[in-house]
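Everything numeric here is computed off the predicted structure, so don't read it as measured data.
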Amino acid sequence: MKKIIAVLSILMLASFAVFAQSDLQVLAVVKLNKNESITLKQLRTRCEMYEKQIGRNLTVDEKKQVLDTLIEEKLIVQAAAKSGIVIPDSYVDQYFIQSMSQSLGASVTERELEDYFKKQGTSLEAILVEQTGMNKAEYKSHLKNQLLMNQYIAQKHQAEIQKVAATDEEIRLAYESNKSSFVWNDMAKMLLVIVPKGSDPDSAKLKATDYLNKYKSKALSAEQIAIQSQAEGSGFKAGLGVFTKTETAAAGLGLSLQKLVYVFNQKEGYISDVEETSNDYRFLSVIKKYDAKMLGISDLVQPETTVTVYEYIRSNLTQQKQQIYLNNAANSVAKELHTAENVDMKKNGAALDKLLEWGK
């Protein structure tokens, strides 16, 4: 029996090694600016992401199209690097957080994002792997390449892109066909002040109480408190903004939905007492409330802003049209760069087809 188990173990290890070796096979080498390999594993990861989005397995021909996309992305990224375009990692981090904040409906830091998903019983890393097949570092690298590509194509076609804009007719038609989506939910402009306990909870409580008293006595305004919180070494955080009555907004504020609903039920001018959580002392104030309503085309998209529905639609439609132009331009540039001189295909014909038959 022990001999049988040993043989089976060896066979399993050998099978794993063959699979790993197959997964790391190089399908193509892009060499416009430097040598970069595209492996079977990279192709599988991208295909699996697309398959999750469309809810079915890709055909072999579709996988070949994905391989072409990976090759052409690398070609444009290498062309961008060759032309001197650089995207700082700090800008990628900022873009990543802006994208995630937009999807959550609340402005958050990367640390707050990690904490948010931890409370949901998961992690940011796990969510990204589930949705994209990439971990955080890989996803940020992917974003960086997308930004490089967009900037390179935009620079090459700057004059043409500036001419692309939504027309008045397109804007009004978009409003009429999406009128029901232009609404204000119940919203409130609030001030939230948080003083972390750190290693001295008593001092944190005193600081929170001091700011509460100064705010109540009008010695400091909400705007002044928010500005002071941004100073280096302030020792506290203060958020001032318009929030919706949703679970996502509650999580962004560090409140339960029940607590947020309670706050929304208070009158304008409501100021809470200093409250203690496991990590901090905090208080909040309801400065102004906005009732839900349908929006006309000339109404503001959101309170405390100057952007109307018309301007919002114009901006979004123009961006969409410009992105379509950029995509078409990128395809043209990629086709021009996709030559035997710039791309060395390591697998072709039947050999490539056989490698792409996974999932059948």
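- Of the charged side-chain nitrogens involved, at least one lies within less than 4.0 Å of a carboxylate oxygen, so that Glu72 and Lys335 count as a salt-bridged pair.
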Apply the test side-chain contact (heavy atoms from CB on, under 4.5 Å) to residues Ile85 and Gln155: give CA-CA distance (whole Å), side-chain angles for both, the deciding distance (0.1 Å), then the verdict. CA-CA 10 Å; Ile85 295 175; Gln155 282 187 8; 3.7 Å; yes
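- Heavy-atom minimum distance, Ala174 versus Asn178: O-ND2, 2.8 Å.
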Set out, in order, the CA-CA distance, both residues' side-chain angles and the distance that settles ring-ring contact (aromatic ring centres under 6.0 Å, His included) for Tyr310 and Tyr175, then state yes or no. CA-CA 8 Å; Tyr310 183 92; Tyr175 171 74; 9.5 Å; no
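- Within the model, atoms CG of Leu67 and SG of Cys47 stand 8.5 Å from one another, a figure rounded to the nearest 0.5 Å.
- A donor-acceptor contact closer than 3.5 angstrom is absent between the side chains of Gln78 and Lys34.
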Between Glu304 and Lys189, does a salt bridge (Lys or Arg N to Asp or Glu O under 4.0 Å) hold up when you go through it step by step? CA-CA 9 Å; Glu304 308 292 323; Lys189 182 179 181 180; 3.2 Å; yes
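- Residues Lys321 and Glu170 share a closest heavy-atom pair of NZ-OE1, 3.2 Å.
- Atom OG1 of Thr167 is separated from atom CG of Leu317 by 8.5 Å, given to the nearest 0.5 angstrom.
- Between Lys237 and Glu112 a salt bridge is recorded (basic side-chain N to carboxylate O distance below 4.0 Å).
- Smallest separation of non-hydrogen atoms from Leu58 and Lys63: O-CE, 3.4 Å.
- The hydrophobic cluster containing Tyr281 also includes Leu191, Val193, Val195, Tyr211, Leu212, Tyr215, Leu220, Ile225, Phe236, Leu240, Ile271, Val274, Phe283, Ile287, under a criterion of side-chain heavy atoms closer than 4.5 Å among ILVMFWY residues, counted directly or through chains of members.
- No more than 12 heavy atoms of other residues, nucleotides or ligands shown are found within 6.0 angstrom of NZ on Lys156.
- Note: Leu260 CG to Glu247 CD = 10.5 Å, rounded to the nearest 0.5 Å.
- For the 3.5 Å distance criterion, the side chains of Asn327 and Gln323 qualify, holding a donor opposite an acceptor.
- Ionic pairing of Lys197 and Asp280 is not present here: no N-O contact between side-chain nitrogen and carboxylate oxygen is shorter than 4.0 angstrom.
- Across all non-hydrogen atoms, the minimal contact from Thr39 to Leu24 is CG2-O, 3.9 Å.
- The existence of a salt bridge linking Asp344 and Lys346 is confirmed by a sub-4.0 Å separation between a basic side-chain nitrogen and an acidic carboxylate oxygen.
- Salt-bridge annotation for Glu110 and Lys136: present, with a side-chain N of the basic residue lying under 4.0 Å from a carboxylate O of the acidic one.
- The CZ atom of Arg111 sits 13.0 Å away from atom CG of Leu124, with the distance rounded to the nearest 0.5 Å.
- A salt bridge links Glu62 to Arg56: one of the charged nitrogens lies within less than 4.0 Å of a carboxylate oxygen.
- The pair Lys289-Asp186 fails the salt-bridge criterion, with no side-chain N (NZ, NE, NH1 or NH2) lying under 4.0 Å from an Asp/Glu carboxylate O.
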Show the numbers, then the answer: is there a side chain to side chain donor-acceptor pair (under 3.5 Å) between Gln25 and Lys347? CA-CA 9 Å; Gln25 284 193 68; Lys347 298 292 179 181; 3.3 Å; yes
With side-chain contact (heavy atoms from CB on, under 4.5 Å) as the criterion, how do Val60 and Glu357 come out once you've worked through the C-alpha distance, each side chain's angles and the decisive distance to 0.1 Å? CA-CA 6 Å; Val60 169; Glu357 287 177 349; 4.2 Å; yes
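- In the model, Thr246 has a side-chain atom that pairs as donor or acceptor with a side-chain atom of Thr244 under 3.5 Å.
- Salt-bridge annotation for Lys119 and Asp115: absent, with no side-chain N of the basic residue lying under 4.0 Å from a carboxylate O of the acidic one.
- Legend: residues meeting side chain to side chain contact (heavy atoms under 4.5 Å, CB included) with Ile324, ordered by chain and number and at least two apart, are Asn328.
- Using a 4.5 Å cut-off between side-chain heavy atoms of Ile, Leu, Val, Met, Phe, Trp and Tyr, with links allowed through other members, Val242 and Val286 fall into different hydrophobic clusters.
- Between Glu125 atom CD and Asn135 atom CG the span is 4.5 Å, to the nearest 0.5 Å.
- Glu51 and Arg46 are not joined by a salt bridge, as no carboxylate oxygen comes within less than 4.0 angstrom of a charged side-chain nitrogen.
- Separation of atoms CD (Gln94) and CD1 (Ile97) is listed at 10.0 Å; rounding is to 0.5 Å.
- Geometrically, Lys288 engages Tyr290 in a cation-pi contact, judged by NZ or CZ lying under 6.0 Å from the ring centre and within 45° of the ring axis.
- The pair Glu36-Lys74 meets the salt-bridge criterion, since a charged nitrogen lies less than 4.0 angstrom from a carboxylate oxygen.
- Look at Lys64 and Asp68 and you find no salt bridge, because none of the NZ, NE, NH1 or NH2 atoms lies under 4.0 Å from a carboxylate O.
- Heavy atoms only, all atoms of each residue included: Ala238 and Ala226 are closest at CB-CA, 3.9 Å.
- With respect to Glu160 and Lys163, no salt bridge is recorded, no charged nitrogen being found less than 4.0 Å from a carboxylate O.
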